[in-house]
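Small disclaimer: the values here were computed from a predicted structure and weren't measured. When a residue number appears, it is its place in the shown sequence, counting from 1.
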Amino acid sequence: MEMNYNEADLHQIEAELDTEILPGTEVMTDVGSHHFVKGGAHVLVPQPSDNPHDPLNWSTTWKALCITASSSVSFTQGLGPLALAPMFPYYMEDFNADLASVVKFTGVAILVLGFSNFIWVPISSSFGRRPAYIFSQLICFGSSIWRARATTYSSFMGACVLNGIGAGPAETIQPAVIADIFFLHDRGFWNTLYWVFYMGSLMVGPIIAGSMSQHVGWRNFWWFNTALIAASLLMVIFMFPETKWHRTHPSEIIENLRPDEPKTSSEKTGSGEIVEDREKQGGSITQIPTHTTLPDLTTTPTSARDPHLGKGSPSKAQWHLYQPNAHPFKTILLDLWIPWKLFTFPIAEFAAFVVSWSASSFLTLNLTQSLAFANPPYNLDPQTIGFFNFAILIGALIGLATAGPFSDWVSARATRKNRGVREPEMRLPAMIPYVLIMILGNFIVAFGYQHAWPWPAIVILGYTAAGIQVAALPAIATTYSIDSYKPVAGSLMVAVTVNKNVWGYGFSEFITPWIEKQGFVPPILTNMFIQMELRPAFDLPTTLLVHLMQASRSEGKPD
């Protein structure tokens, strides 16, 4: 739990509410003698410290600069890997290769990208988000130059591999940054915004690449990509201070009152692993038992409890290249092991496969648009095919405008009905309309391709639906899983990303020969019907769904 109550407080709150507080459950209202720092009408989760350099206390300006720089990394690192689709005919000609071979450029980059997070997430957890962003952008910068200068198939493939290594943080680091600087009640919007920036780059890439490759050559696209990465790197250096923050654990505060006892700051996660998670713990303001140490808390104004809320700024130390870590090897080893451990937890599996299948529904369009529209009866040029991705982008913007606020509203409404206690599962019913949109989009694209429907029907309806669902479903699922297992959020995103990218690589490896043999309907609808396996959960009453998913969080409850 992000509030991180001590055991006595936990039992008092459970008794007052007559409910069990599981890991991931958040109390969004004052309970008895337990009062929390508020922002407007919301209890702030996690509770900020009283330090002006705490990222939760930063001013709106600093948070805006930080999230802008972080979003620029997500966008520029995602732009290149899937921008190749409209350029496939040119690569086939210049490298004397068939379609299946050039499609591997995309598949290999996706596969390497997923596993590269076993490098970047340990760096992020051990030394900070800032070094992970800076060094990954330097690698992407070099790989983009390599792509622009490659003259052989093998050389271009090598650049794709290097690009995959560098682009990993686009899929894992920004959710941790969002958790570092924003409170729980705002995260639905910001996580959706992140997902749209990242997925939007995958949609904008083909639009730009198709037009540039036709008019000025495909190599100039990669020089353009290089310039964007350079601009993003400068933004990180000058706009992105370190957001990783040590949040004092309850045991540290209590033991500080008893200096003769040993101190510890470790926490047991739902996986049973002991992990250092100092930057994600609740602030010291709320951890001291109110009945002994802050007897007048009920009458203390919020501004007095945290006078720096919304007014703070980064310290000089937060601009350093990296943050020191007393136990880096321990942190790195845990970050390498925990993602595999998380695959044994139903919530992690749920999120991983929702993201995998939703992203594959979008990846299908990227890998098949040239095959479908460059050949008879359409015979369209790369620029026109690239422009079709505008429909996916518009759909993603619709997803941004609706999914985050809608899931936050659904969760907040259920929280009010539950006397101010928020369960992560309360966000899940918001997925229902987007699952239906996903089904509609897959049917239109599959049968539209197969039976040569007019392209406006396929693009305006099918592609837009694909954009809506790929912005909404993964954002809701990952927000739910992070809310459930916050102490291992970085490792959770690694597990999700590896699962998604292995699935995407397999799909890209086999979809072209599968289509050539059996047509468009079998592969597209196979992926759709696998995703439909989620639907039985939505047929359950909401209360039963909550209890079933809560069972997988109960292991992390303190004894």
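Aromatic ring centroids of Phe345 and Phe350 lie 6.0 Å or more apart. Ring centers of Trp120 and Tyr133: at least 6.0 Å apart, outside the cut-off.
Taking 4.5 Å as the limit, every side-chain heavy atom of Met87 sits out of range of all side-chain heavy atoms of Phe105. Counting heavy atoms from C-beta outward, Ile207 and Phe388 have side chains that stay 4.5 Å or more apart. For the pair Leu473 and Met431, the minimum side-chain heavy-atom distance is below 4.5 Å. Annotation: side chain of Leu111 is not in contact with side chain of Asn501 (no heavy-atom distance under 4.5 Å). Using a 4.5 Å heavy-atom threshold, the side chains of Ser59 and Trp62 count as touching. In this structure the side chain of Val410 never reaches within 4.5 angstrom of the side chain of Arg427, judged on heavy atoms. Side-chain atoms of Leu321 and Phe135, non-hydrogen and from C-beta on, do get closer than 4.5 Å to each other. Side-chain contact between Leu233 and Phe141 is absent, with no heavy-atom pair separated by less than 4.5 Å.
Here Asn442 contributes atom CG and Leu365 contributes atom CG; the two are 8.0 Å apart, rounded to the nearest 0.5 Å. Taken to the nearest 0.5 Å, the CZ atom of Phe118 stands 10.0 Å off from the CG atom of Asp335. To the nearest 0.5 Å, atoms CD1 (Ile208) and CE (Met203) are separated by 13.5 Å. Rounded to the nearest 0.5 angstrom, Leu492 CG and Ser484 OG are separated by 8.5 Å. Distance check: Phe115 CZ to Ile165 CD1 gives 13.0 Å after rounding to the nearest 0.5 Å. Atoms CD1 and CD, on Ile110 and Glu171 in that order, are 8.5 Å from each other to the nearest 0.5 Å.
A distance-only check finds no donor-acceptor pair linking the side chain of Asn163 to the backbone of Ser144 [under 3.5 Å]. Ser143 places a side-chain N or O within donor-acceptor distance of the main-chain N or O of Cys140, the cut-off being under 3.5 Å. Although no hydrogens or angles enter the test, the distance criterion places a donor-acceptor pair under 3.5 Å between the side chain of Ser508 and the main chain of Tyr505. Put simply, the side chain of Asn389 gets close to the backbone of Gly386: a donor and an acceptor are under 3.5 Å apart. The backbone N or O of Gly107 sits nowhere less than 3.5 Å from a side-chain atom of Glu509 that would complete a donor-acceptor pair. A donor-acceptor contact shorter than 3.5 Å links the side chain of Gln318 to the backbone of Ser315. Between the side chain of Ser411 and the main chain of Ser407, no donor-acceptor pair closer than 3.5 Å is present. Using a distance-only test at 3.5 Å, with no hydrogens or angles considered, a donor-acceptor pair links the side chain of Lys63 to the main chain of Ile181. Judged by distance alone, with hydrogens and angles left aside, the side-chain atoms of Ser481 form a donor-acceptor pair with the main-chain N or O of Thr478 at under 3.5 Å. In this structure, Ser116 contributes its side chain and Leu113 its backbone to a donor-acceptor pair below 3.5 Å.
The two residues Pro206 and Pro86 have their closest heavy-atom pair at O-CG, 3.3 Å. Considering all non-hydrogen atoms of both residues, Ile139 and Gly166 come closest at CG2-CA, 3.6 Å. Of all non-hydrogen atoms in Ala465 and Gly441, the two that sit nearest each other are CB-CA, 3.6 Å. Ile119 approaches Pro122 most closely through the heavy-atom pair O-CD, 3.4 Å. Taking every heavy atom of both residues into account, Thr364 and Ile524 meet most closely at CG2-CG1, 3.4 Å. Minimum heavy-atom separation, Asn366 to Gln369: O-CG, 3.7 Å.
Annotation for Tyr322: atom OH does not count as buried by contact number, only 12 or fewer foreign heavy atoms lying within 6.0 Å. When the shell of 6.0 Å around CZ of Phe238 is examined, it contains 12 or fewer heavy atoms from other residues, nucleotides or ligands.
For the salt bridge (charged side-chain N to carboxylate O under 4.0 Å, His left out) test, no residue two or more places apart in sequence or in another chain qualifies with Glu242. Applying the side chain to side chain donor-acceptor pair (under 3.5 Å) test to Asn499 and every residue at least two apart in sequence or in another chain returns Ser356. Checked against side chain to side chain donor-acceptor pair (under 3.5 Å), Thr172 has the following partners two or more places apart in sequence or in another chain: Asn117.
The residues Lys244 and Asp180 are annotated as not salt-bridged, no charged nitrogen and carboxylate oxygen being separated by less than 4.0 angstrom.
At a cut-off of 3.5 Å, with distance as the only test, no side-chain donor of Gln77 or Ser201 sits close to an acceptor on the other residue. Between the side chains of Tyr434 and Thr402, a donor-acceptor pair is found at a separation under 3.5 Å. Of the N and O atoms on the side chains of Trp503 and Ser360, at least one donor lies less than 3.5 Å from an acceptor on the other residue.
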Next item on the list: Given side chain to side chain contact (heavy atoms under 4.5 Å, CB included), test Val73 with Arg129 step by step and report yes or no.
Entry: CA-CA 12 Å; Val73 176; Arg129 326 301 185 204; over 6 Å; no
Next item on the list: Check the pair Trp319 / Arg130 against side chain to side chain contact (heavy atoms under 4.5 Å, CB included), numbers first and verdict last.
Entry: CA-CA 8 Å; Trp319 290 101; Arg130 187 170 159 83; 3.8 Å; yes
Check: Checking side chain to side chain contact (heavy atoms under 4.5 Å, CB included) for the pair Thr68/Met239: CA distance, chi angles, key distance, verdict?
Finding: CA-CA 8 Å; Thr68 298; Met239 295 169 54; 4.1 Å; yes
Next item on the list: Report the C-alpha distance between Gln174 and Ser71 in whole Å, list the side-chain angles of each, state the deciding distance to 0.1 Å, and finish with yes or no for side chain to side chain contact (heavy atoms under 4.5 Å, CB included).
Entry: CA-CA 7 Å; Gln174 190 166 351; Ser71 296; 3.0 Å; yes
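Note on ring orientation: taking the six-membered ring where Trp is involved, the planes of Tyr198 and Tyr194 are parallel (angle under 30°, cut-offs 30° and 60°). Under the 30°/60° scheme for interplanar angles, the aromatic rings of Phe387 and Phe390 are found to be tilted.
Screening Val435, Leu363, Ile476, Val470 for a side chain to side chain contact (heavy atoms under 4.5 Å, CB included) involving Ser358 leaves a single residue, Val470.
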